[in-house]
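Below is one structure, written out as structure tokens, with a few remarks after it.
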Amino acid sequence: MTGRYYLTTPIYYVNDAPHVGTAYTTIMADALARWHRLAGDETWFVTGTDEHGLKILRTAEENGLSPREWVDRTSQRFVQAWGALELTNDDFIRTTEERHYRSVQRFMQAIHDNDYLYKGTYEGWYCVSCEAYYLEEDLVGENLCPVHESPVEWFAEENWFFALSRFADRLIAWYDEHPEAIHPETRRNEALGILKGGLRDISITRTSIDWGVPVPWDPGHVFYVWYDALVNYISAVGYGTDNGRFEHWWPSVHHLIGKDIIRFHCVWWPAMCMAAGIDPPARYLVHGFLMVGGRKMAKTAYNQVDPVELANDVGNDVLRYYLIRDFPLGPDGDFTYEGLVERYNADLANNLGNLLQRVATVVEQKCGGIGRAPRPAAESPLAASAVEHVKTAYEAWGRFSPHEALEATWRIIRAANAELEAVAPWKIDPGPEVDGVLGDAIEALRIVAILASPVLPRASREIWARIGLSREVDAPGNADLSGSLAWGGYPGGAPVTKGPPLFPRRAAE
RNA sequence: GGCGGCGUAGCUCAGUUGGUAAGAGCACACGGCUCAUAAUCGUGGGGUCGCGGGUUCGAGUCCCGCCGCCGCUACCA
């Protein structure tokens with residue numbers, strides 16, 4: 001299924017620090033991107049930061065910096081966090097970049113040219129922190145913002161409106177024709193619910209500030225931050241600046257988003273695309289929230305865990321494994337340190353790490369440290385189940401269900417442990433039987449390393465090194481059912497080396 | 001209020017269009033093994049599938065009502 005795979009995360013608001021919630025989204029995206037590279041797809045993975053708006057302007061002032069200096073500094077926190085977590089994004093888009101300005105202006109100009117914009121007046125109670133207007137009845141206490149409980153301000157300004165209301169029917173029709181566009185289905189229903197409820201035009205420019213992308217046909221206006229932000233998905237691949245490149249990647253895009261921003265991504269954004277005359281994005285992958293002790297890991301809360309600190313503590317691979325194995329892409333999940341340790345000990349230390357260790361020891365004792373080739377599929381008791389689980393894992397990745405893929409992958413590990421137990425090569429003299437079972441076990445490790453590499457990039461490389469393979473475990477195209485993932489790829493004759501435990505057991509706390 | 005979703009073993013969850021599947025992993029108990037990170041392998045206990053009705057030869061699986069939790073409700077990531 002070699003194809004083109006353009007994957008995005010939301011761009012993160014630069015005033016906030018990276019937290020486990022944003023790390024979850026970005027790590028999930030990274031794993032999906034790694035899988036698709038592994039499957040031989042031409043892959044482009046982009047994340048970035050959202051850097052406009054009044055809130056940023058004000059915090060910059062509070063810090064005695066120009067907005068430019070402020071966002072240069074704060075966006076680095078994201079660049080550094082993703083670097084520390086060894087994420088493999090191909091680009092990092094910032095909404096304050098020149099290329100983004102040019103794309104936004106071209107894009108909005110196209111919408112304007114197509115007569116979907118008109119001038120109107122908007123006034124109401126405005127919360128600077130939310131960058132949003134509120135209806136009077138939604139305010140709490142003495143004119144306080146319902147989210148921040150801080151005073152709102154009365155704003156009245158003339159701005160440009162986008163005729164979103166004209167797109168409800170077209171969007172419904174489009175989603176009818178593209179039933180796979182939103183995953184999982186429950187989120188698709190939510191989006192359709194929004195559409196069927198009817199849409200209201202929305203104002204998309206501001207005159208009250210100048211920290212934003214200027215409206216090209218009306219000096220003094222800048223685009224409202226949300227509208228400028230969504231365009232990142234096309235500015236990052238050259239819309240209006242490198243159209244050949246844009247057409248290469250669009251619309252074969254997958255937007256990974258949280259369930260809270262469905263309205264913007266599944267309603268506003270495709271409507272904007274239609275208005276500008278380009279295809280709506282092909283697919284949305286909507287994930288749930290990580291909760292801590294049953295509570296939403298809100299970005300405004302103080303009970304946040306620093307994902308880099310956590311990763312430094314437990315290891316990048318381990319954090320990745322926990323987030324991807326324990327939280328299906330869709331529902332909410334409860335993030336706990338205990339859960340992480342439990343998962344780590346059971347799957348990584350006891351199953352995978354220990355399998356590698358015991359195999360290395362027995363190969364050393366019985367085979368002089370030289371790995372044996374696996375038996376042919378027809379003769380190996382392990383092969384049949386391995387092949388089946390490989391297939392399941394492969395398909396699960398394709399279904400955006402990496403947690404299932406990992407579950408299937410670990411079945412191979414269990415089967416390998418069971419076969420070792422059944423034959424007990426450590427009890428018998430060197431010979432064909434010992435060679436066969438050890439070859440099978442090494443072969444299982446080889447295959448598992450490939451399948452797990454999008455989630456455990458470091459450990460997978462280490463496993464391949466220890467079983468004496470020199471090629472890259474994550475070489476593009478290695479996820480190939482009839483190629484590298486087929487039974488029997490381990491050549492035998494390579495040195496198998498023992499090393500320190502891959503994943504030492506952690507004491508529960 | 002409206003719309004949508006959820007409620008399955010102690011925990012996290014699977015359960016296609018209703019019919020021998022009430023399951024997996026973890027945890028727990030017992031047994032085996034000792035190559036391995038007190039790891040591993042085997043066996044087992046345990047669930048009225050939120051509650052109450054209904055449809056059906058047969059319902060976690062469909063319908064109605066109720067209870068509990070959650071999301072969205074129209075410019076908060």
Side-chain angles (χ1 to χ4, degrees), chain A residues 10-13 15-16 19 21-22 25 50 55 122 124 126-127 129-135 138 145-148 159 161-162 164-165 184-204 206 224-227 229 257-264 267-268 288-289 291 294 296 298-300 325-328 331-334 336 338-339 342-343 345-366 403-404 407 410-411 414 416-422 424-427 438 441 498 500-506:
Chain A
I11 50 174
Y12 304 113
Y13 204 60
N15 254 24
D16 305 310
H19 55 82
T22 47
T25 305
D50 179 12
K55 190 175 169 185
Y122 201 99
Y126 190 81
C127 170
S129 295
C130 296
E131 308 210 25
Y133 283 99
Y134 284 100
L135 298 175
D138 291 331
C145 161
V147 175
H148 294 85
N159 38 45
F161 282 74
F162 172 55
L164 180 66
S165 58
E185 194 177 353
T186 155
R187 300 305 173 196
R188 167 191 152 82
N189 294 338
E190 251 180 60
L192 283 171
I194 292 171
L195 291 171
K196 285 172 181 160
L199 300 177
R200 194 159 74 185
D201 293 348
I202 47 186
S203 93
I204 62 162
R206 297 286 183 270
Y224 170 54
V225 58
W226 250 113
Y227 259 57
I257 62 172
K259 65 179 185 179
D260 52 327
I261 49 180
I262 287 176
R263 172 181 302 280
F264 310 106
V267 177
W268 292 12
F289 285 134
M291 321 281 274
K296 178 176 168 183
K299 68 179 180 183
T300 47
R325 176 63 184 84
D326 258 25
F327 304 100
D332 292 343
D334 202 16
T336 66
E338 294 69 30
E342 194 175 280
R343 187 54 87 178
N345 281 335
D347 290 5
L348 298 181
N350 295 352
N351 280 322
L352 178 56
N354 185 57
L355 174 64
L356 177 67
Q357 201 72 348
R358 66 194 307 205
V359 166
T361 300
V362 183
V363 167
E364 181 182 74
Q365 293 176 355
K366 301 287 181 179
H403 79 288
E404 269 185 88
E407 188 181 1
W410 255 252
R411 286 186 192 287
R414 285 193 209 98
N417 270 324
E419 192 195 338
L420 281 175
E421 206 68 41
W426 46 87
K427 280 188 186 168
L438 290 176
K498 266 183 80 170
L502 208 51
F503 297 107
R505 266 186 76 86
R506 290 180 77 92

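Scope of the values below: all heavy atoms of this structure, side chains included, with no hydrogens, waters or symmetry mates. Chain A is the first sequence line, chain B the second, and so forth, proteins listed ahead of strands; every chain is numbered from 1.
- In plain terms, the two heavy atoms of A:L355 and A:N417 that are nearest each other are CD1-OD1, 3.3 Å.
- Distances were taken from every side-chain heavy atom of A:R263 (C-beta onward) to each of B:rU73, B:rU37, B:rC33; the shortest belongs to B:rU73.
- In terms of polar N and O atoms assigned as donor or acceptor, the side chain of A:E190 never comes within less than 3.5 Å of the base of B:rG5 in a complementary pairing.
- At a threshold of 4.5 Å between non-hydrogen side-chain atoms, the residues A:L352 and A:L356 do not count as touching.
- For A:E404, the side-chain hydrogen bond (donor to acceptor under 3.5 Å, both in side chains) partners are A:R399, A:S401, not counting sequence neighbours.
- Of all non-hydrogen atoms in A:P425 and A:L438, the two that sit nearest each other are CG-CD2, 4.2 Å.
- Closest approach to the A:A418 side chain among B:rU34, B:rC75, B:rC41 is made by B:rC41 (side chain taken as heavy atoms from C-beta onward).
- Secondary structure note: stems in RNA chain B built from 3 or more consecutive Watson-Crick or G-U wobble pairs under 3.5 Å occupy B:1-7 with B:67-73, B:10-13 with B:23-26, B:28-32 with B:40-44, B:50-54 with B:62-66.
- Residues A:L199 and A:K498 each lie close to RNA chain B; by heavy-atom proximity, the contact nearer the 5' end of the strand is made by A:K498.
- Of the side-chain N and O atoms in A:R200, one or more sit less than 4.0 angstrom from OP1 or OP2 of B:rC75.
- Annotation: side-chain hydrogen bond (donor to acceptor under 3.5 Å, both in side chains) contacts of A:R187 (sequence neighbours excluded): A:E190.
- Taking the side-chain contact (heavy atoms from CB on, under 4.5 Å) definition, one finds that A:A349 meets it with A:Y344, A:N345, A:F503, A:R505, sequence neighbours left out.
- Residue A:K366 is out of contact with every strand shown, counting any heavy-atom pair closer than 4.0 Å.
- The side-chain contact (heavy atoms from CB on, under 4.5 Å) search around A:N354 returns A:R358, not counting sequence neighbours.
- Using P as the reference atom, B:rC69 and B:rA27 are 32 Å apart when rounded to the nearest Å.
- Syn is the conformation of B:rG60, whose glycosidic angle sits no further than 90° from 0.
- Here A:D201 pairs with A:Y118, A:S165 under the side-chain hydrogen bond (donor to acceptor under 3.5 Å, both in side chains) rule; sequence neighbours left out.
- Comparing the C1' positions of B:rA59 and B:rA21 gives a spacing of 14 Å, expressed to the nearest Å.
- In this structure, the nucleotide among B:rC33, B:rC72, B:rA36 sitting nearest to the side chain of A:T361 is B:rA36.
- Only the P atoms considered, B:rG15 is 15 Å distant from B:rG50, to the nearest whole Å.
- A donor and an acceptor atom sit less than 3.5 Å apart, one in the side chain of A:R206 and one in the base of B:rC75.
- Per the geometry, CG belonging to A:L352 stands 18 Å off P belonging to B:rA36, to the nearest Å.
- Going from the P atom of B:rU61 to that of B:rG65 covers 16 Å, rounded to whole Å.
- A:E419 has its CD atom 16 Å from the C1' atom of B:rG42, to the nearest Å.
- A:N189 places its CG atom 10 Å from the P atom of B:rC6, with the value rounded to the nearest Å.
- In this entry the distance linking CG of A:N417 with C1' of B:rG42 reads 13 Å, nearest Å.
- At the phosphate of B:rA39, OP1 or OP2 sits under 4.0 Å from a side-chain N or O atom of A:R505.
- Heavy atoms of A:L355 sit nowhere under 4.0 angstrom from any nucleic acid atom.
- Comparing B:rC35, B:rC75, B:rG71 against the side chain of A:R358 picks out B:rC35 as the nearest.
- Summarising the geometry, the separation between CG on A:D326 and C1' on B:rC13 is reported as 10 Å, rounded to the nearest angstrom.
- Nucleotides B:rC28 and B:rU17 have their P atoms positioned 36 Å apart, rounded to a whole Å.
- Separating the CZ atom of A:F327 from the P atom of B:rC13 is a distance of 8 Å, rounded to the nearest angstrom.
- Both A:Y12 and A:R187 sit near RNA chain B, but only A:R187 has its closest nucleotide nearer the 5' end.
- Nucleotide B:rA74 holds its P atom 16 Å from the CZ atom of A:F161, rounded to whole Å.
- For the P atoms, the distance linking B:rC62 with B:rA24 amounts to 23 Å, nearest Å.
- Rounded to an integer number of Å, the gap from CG of A:L195 to P of B:rC72 is 17 Å.
- Checked by distance alone, A:N354 brings a side-chain donor or acceptor within 3.5 Å of a matching partner on the base of B:rA36.
- For A:D347, the side-chain hydrogen bond (donor to acceptor under 3.5 Å, both in side chains) partners two or more places apart in sequence, or in a different chain, are A:Y321, A:R343.
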Would you check, one step at a time, whether the test side chain to side chain contact (heavy atoms under 4.5 Å, CB included) holds for A:L199 with A:I194? CA-CA 8 Å; A:L199 300 177; A:I194 292 171; 4.3 Å; yes
Would you list the protein and nucleotides 24-29 of chain B atom pairs, both N or O, that sit under 3.5 Å from each other?
| residue | atom | partner | partner atom | Å |
| --- | --- | --- | --- | --- |
| B:rA24 | O2' | A:R411 | NH2 | 3.1 |
| B:rC26 | O2' | A:E342 | OE2 | 3.0 |

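- Contacts of A:E407 classified as side-chain contact (heavy atoms from CB on, under 4.5 Å), with partners at least two apart in sequence or in another chain: A:R325, A:R411.
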